[in-house]
Amino acid sequence: MMRLTGSVLIATAIALATVTAANASQLIDRNAGRAALSLNAKGEAMITYSDAGKLKHVLAWGAVNALPPARGRKQISFKLDYSGGYGKYKKKAYWNSFNGVCDAYDGPALAWKVTACKAPDGSYWALQSWQRALPDYGLPPTSTQSVFELRLSHWTGDLPSLEITMDWSYKKWDHLFGTYTYDGVGVYGFSSTSAGNPLDSFGRNVYVDVFDSAYGGGWKRDNSFLTHQSKGSFCYGFFAHGSHPAGNGTKYRATAEGPGVAPDVMWEGDEPGDYDKDVDVTANAAIKALGDPTCKPN
């Protein structure tokens, strides 16, 4: 058994050159180059990056941290101005008079970090980038699936906590279970598609990668799955899926988009090794304690 916590980023896509809002972890852009972050005393962030050789400026403001899950409500989100401030202020090249800074980051370690800053008010902002859209079962990605998503977060205090334990399923296959929480409260949603895609702004998937597995050498995406009510719990066995082999690897990692505009988080751990009855008994008791009817000891 092993239990670790991790961290990461944020963002969700919106239309060009207008002031817009979203209600999930926010995607700024894809395959962005040379991304930089600048902050002002008004609680705004200016993101600057290159896209196909073109310099872009995005103004973000209006959100920090996250709300606990609540049916019928919307999660907090940034307002984003893809014109770099013209949509909000009707001022051309607003970024030239933004007067922003990026004070040295002294917050908790972040996974997938591109850059992070401490704001004048003591809060933190970060840009992170990772491949969320990779296909399952180690399949070769298309150009659309292989993109790196640039994500923005803004928070105070502790990061979300992605806590995972490794054990075995049916004494044979590697298995993981755990919880995803923020400020001591489970991260989960209330509605999803049959394929497990969240249909509200609170739901989150956990994206699991395997290292040196039957899929090949290096890191490969094995699968992704929803966290569950009401503790943000989850469980997953590395079984064979149809024609795809079991994804047992020598190492595992899991990444989840942050709730609200809190950072995304990442956990990494080694395989559990050979089956150990005493360890498995302890793990099965912990699974039972989750109180999650979809996660049963075996």
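Numbers here are sequence positions counted from 1. For clarity, every value in this text was computed on a predicted model and none was experimentally measured.
- Taken to the nearest 0.5 Å, the NZ atom of Lys88 stands 6.0 Å off from the CG atom of Leu59.
- Here Val281 sits alone; no ILVMFWY side chain lies under 4.5 Å from its own, so it joins no hydrophobic cluster.
- No side-chain donor-acceptor contact under 3.5 Å links Tyr89 and Asp81.
- A salt bridge does not link Lys251 to Asp270: none of the charged side-chain nitrogens sits closer than 4.0 Å to a carboxylate oxygen.
- Put simply, the side chain of His57 never gets that close to the backbone of Met46: no donor and acceptor are under 3.5 Å apart.
- To the nearest 0.5 Å, atoms CG (Leu139) and CD (Gln145) are separated by 8.5 Å.
- Not a single donor-acceptor pair under 3.5 Å links the side chain of Ser213 to the backbone N or O of Gly247.
- In terms of modelled atom types and a separation under 3.5 Å, the side chain of Asp103 and the main chain of Ala119 share no donor-acceptor contact.
- Of the possible polar contacts, one joining the Asp276 side chain to the Val279 backbone as a donor-acceptor pair under 3.5 Å is found.
- A distance below 6.0 Å separates the ring centres of Phe78 and Trp125.
- Of the possible polar contacts, one joining the Lys90 side chain to the Gly87 backbone as a donor-acceptor pair under 3.5 Å is found.
- Between the side chain of Thr250 and the backbone N or O of Phe211, at least one donor-acceptor pair lies under 3.5 Å.
- Not a single donor-acceptor pair under 3.5 Å links the side chain of Arg34 to the backbone N or O of Leu55.
- Distance CD/Glu257 to CG/Asn205: 7.5 Å, rounded to 0.5 Å.
- If you take OH on Tyr124 and CG on Leu159, they are separated by 10.0 Å, rounding to the nearest 0.5 Å.
- Counting only distance, with no hydrogens or angles, the side chain of Gln75 and the backbone of Phe202 share no donor-acceptor pair below 3.5 Å.
- Although no hydrogens or angles enter the test, the distance criterion places no donor-acceptor pair under 3.5 Å between the side chain of Glu271 and the main chain of Tyr252.
- For the side-chain contact (heavy atoms from CB on, under 4.5 Å) with Tyr180, the qualifying choice from Pro259, Ser233, Ser161 is Pro259, the only one to do so.
- Rounded to the nearest 0.5 Å, atoms NZ (Lys74) and CG (Leu67) are 13.0 Å apart.
- Partner Trp173 forms a ring-ring contact (aromatic ring centres under 6.0 Å, His included) with one of Phe238, Phe239, Trp168, Tyr236 and no other, that one being Phe239.
- A salt bridge is defined here as a Lys NZ or Arg NE, NH1 or NH2 lying under 4.0 Å from an Asp or Glu carboxylate O, and Asp292 with Lys231 fails to meet this definition.
- Asn99 places none of its side-chain heavy atoms less than 4.5 Å from the side chain of Asn40.
- Between Phe190 and Gln229 there is a side-chain heavy-atom pair separated by less than 4.5 Å.
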